[in-house]
Engineer: 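So that we are looking at the same thing, I have put the structure below in structure tokens.
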Amino acid sequence: MTKKIGRIILIVVMIMLVIGLSLVTMSASPLYRTNQWVDTNAMFSMGRALASGMVPYRDIVEQRGPLMFGLFAIASFISKTSFIGVFVIEVINALIVYFFASKIAAFYFDNKNVASVLGLSGPGVMVGTHAFELGGAPEEFAFPFIMGFIYLAFLWQRQNKQLRPWLYLIAGFGLLADRNWLPCAIGGDAGCLLPTPCLAIVD
């Protein structure tokens, strides 16, 4: 019972650290007076337009894909006059990255607490990449898909190169979203080759 409580406390602390990291690195954070990152402002304008009934690529045009517009439309439902909704979406995104990073670490460390702590490296790497800038870019929201693919690649290797059929289906939809619906409206099909080198590396 004591171990279970300790485990819960550790997970809560890790979640708080991810939120803290988000607060100081993302310009949509309430700690920032304003958001000067052009990508975030452009996407938030697209999201608000979509939430108002405008049709992307007809009434208003931006180069990125419809999934990005949808995410920022959800953010606009939380708040149309501030970036707090965007921040909430970004925190959820960072927590998903943390989840997959912890699962990947668990392949190498039997101690679940160690894996949970090492999971912080996932969000840390995400916010530390050059593409991240101040948050809100497509690369940030693509990170959970990439981490998910890496996790599935290791799981595939650990399970004698067998996965449940529904996992392949989820991976396929994830690949479609990552390569076509996030970064741009068209193109990205070359990314369909991504799982092949991933599986070859862990083989």
Side-chain angles (χ1 to χ4, degrees), residues 11-12 14-57 60-103 119-151 170-171 173-185 188 191:
I11 294 298
V12 171
M14 293 300 102
I15 291 174
M16 295 302 296
L17 287 175
V18 172
I19 295 174
L21 180 65
S22 302
L23 280 169
V24 298
T25 58
M26 298 173 180
S27 57
S29 162
L31 297 183
Y32 286 71
R33 179 172 294 182
T34 186
N35 194 323
Q36 301 182 26
W37 179 224
V38 291
D39 274 9
T40 307
N41 281 273
M43 288 299 95
F44 196 36
S45 295
M46 291 296 296
R48 285 185 294 187
L50 180 62
S52 299
M54 299 181 72
V55 179
Y57 314 118
I60 186 169
V61 178
E62 215 280 338
Q63 64 178 343
R64 291 171 178 85
L67 184 55
M68 284 293 291
F69 305 157
L71 288 172
F72 279 83
I74 294 172
S76 74
F77 285 124
I78 299 174
S79 175
K80 287 188 176 182
T81 57
S82 74
F83 287 94
I84 188 65
V86 176
F87 179 68
V88 170
I89 297 297
E90 288 186 281
V91 168
I92 293 173
N93 187 75
L95 289 172
I96 295 172
V97 171
Y98 168 75
F99 170 78
F100 280 122
S102 299
K103 297 290 283 185
L120 288 175
S121 61
V125 170
M126 181 184 73
V127 302
T129 58
H130 181 266
F132 180 80
E133 292 287 345
L134 294 172
E139 292 82 1
E140 176 187 356
F141 295 103
F143 221 84
F145 293 104
I146 295 171
M147 295 296 290
F149 286 133
I150 295 174
Y151 169 71
I170 291 176
F173 279 115
L175 186 61
L176 176 65
D178 184 40
R179 301 308 306 168
N180 290 282
W181 293 351
L182 273 174
C184 56

Engineer: Atom CD1 in I19, atom CD1 in I92: separation rounded to 0.5 Å?
Structural biologist: 10.0 Å
Engineer: Among residues at least two apart in sequence or on other chains, which ones pass side-chain hydrogen bond (donor to acceptor under 3.5 Å, both in side chains) with S29?
Structural biologist: none
Engineer: Rounded at 0.5 Å granularity, tell me how far CD1 in I146 sits from CD in E139.
Structural biologist: 9.0 Å
Engineer: For L134, does its backbone N or O pair with a side-chain atom of S27 as donor and acceptor, under 3.5 Å?
Structural biologist: yes
Engineer: If you compare all heavy atoms of A51 against all heavy atoms of S76, which two are closest, and at what distance to 0.1 Å?
Structural biologist: CB-OG, 3.4 Å
Engineer: Give the C-alpha distance, both sets of side-chain angles, the deciding distance and a yes or no for ring pair (Phe, Tyr, Trp, His ring centres under 6.0 Å) between F100 and F143.
Structural biologist: CA-CA 10 Å; F100 280 122; F143 221 84; over 10 Å; no
Engineer: Kindly write out the residues that satisfy ring-ring contact (aromatic ring centres under 6.0 Å, His included) with Y98, not counting sequence neighbours, or none if the list is empty.
Structural biologist: none
Engineer: Who are the side-chain contact (heavy atoms from CB on, under 4.5 Å) partners of V24, not counting sequence neighbours?
Structural biologist: L31
Engineer: For residues 44-53, which residue pairs qualify under side-chain hydrogen bond (donor to acceptor under 3.5 Å, both in side chains), counting only residues two or more places apart or in two chains?
Structural biologist: none
Engineer: For residues 81-89, which side-chain donor-acceptor pairs fall under 3.5 Å, sequence neighbours excluded?
Structural biologist:
residue : atom : partner : partner atom : Å
S82     : OG   : S79     : OG           : 2.8
S82     : OG   : I84     : N            : 3.4

Engineer: Measure the acute angle between the ring planes of F141 and F72, then classify it against the limits of 30° and 60° as parallel, tilted or perpendicular.
Structural biologist: perpendicular
Engineer: Say whether, by atom type as modelled, one donor and one acceptor occur between the side chain of E90 and the main chain of G136 under 3.5 angstrom.
Structural biologist: yes
Engineer: Under the rule for side-chain hydrogen bond (donor to acceptor under 3.5 Å, both in side chains), what residues qualify as partners of D39, not counting sequence neighbours?
Structural biologist: R64
Engineer: What closest approach, in Å, do P123 and V18 show between heavy atoms, and which atom pair accounts for it?
Structural biologist: CG-CG2, 4.3 Å
Engineer: To the nearest 0.5 Å, how far apart are CE in M126 and OG in S22?
Structural biologist: 6.5 Å
Engineer: Can a donor-acceptor pair be found, under 3.5 Å and without considering hydrogens, that links the side chain of N93 to the backbone of E140?
Structural biologist: yes
Engineer: Going by the rule side-chain contact (heavy atoms from CB on, under 4.5 Å), which residues pair with V38 if we only count those two or more places apart in sequence or in a different chain?
Structural biologist: none
Engineer: Where do F69 and M46 come nearest, in terms of heavy atoms and distance?
Structural biologist: CZ-CE, 3.5 Å
Engineer: Mind checking side-chain contact (heavy atoms from CB on, under 4.5 Å) for V12 and listing every partner two or more places apart, or none if nothing turns up?
Structural biologist: I8, M16
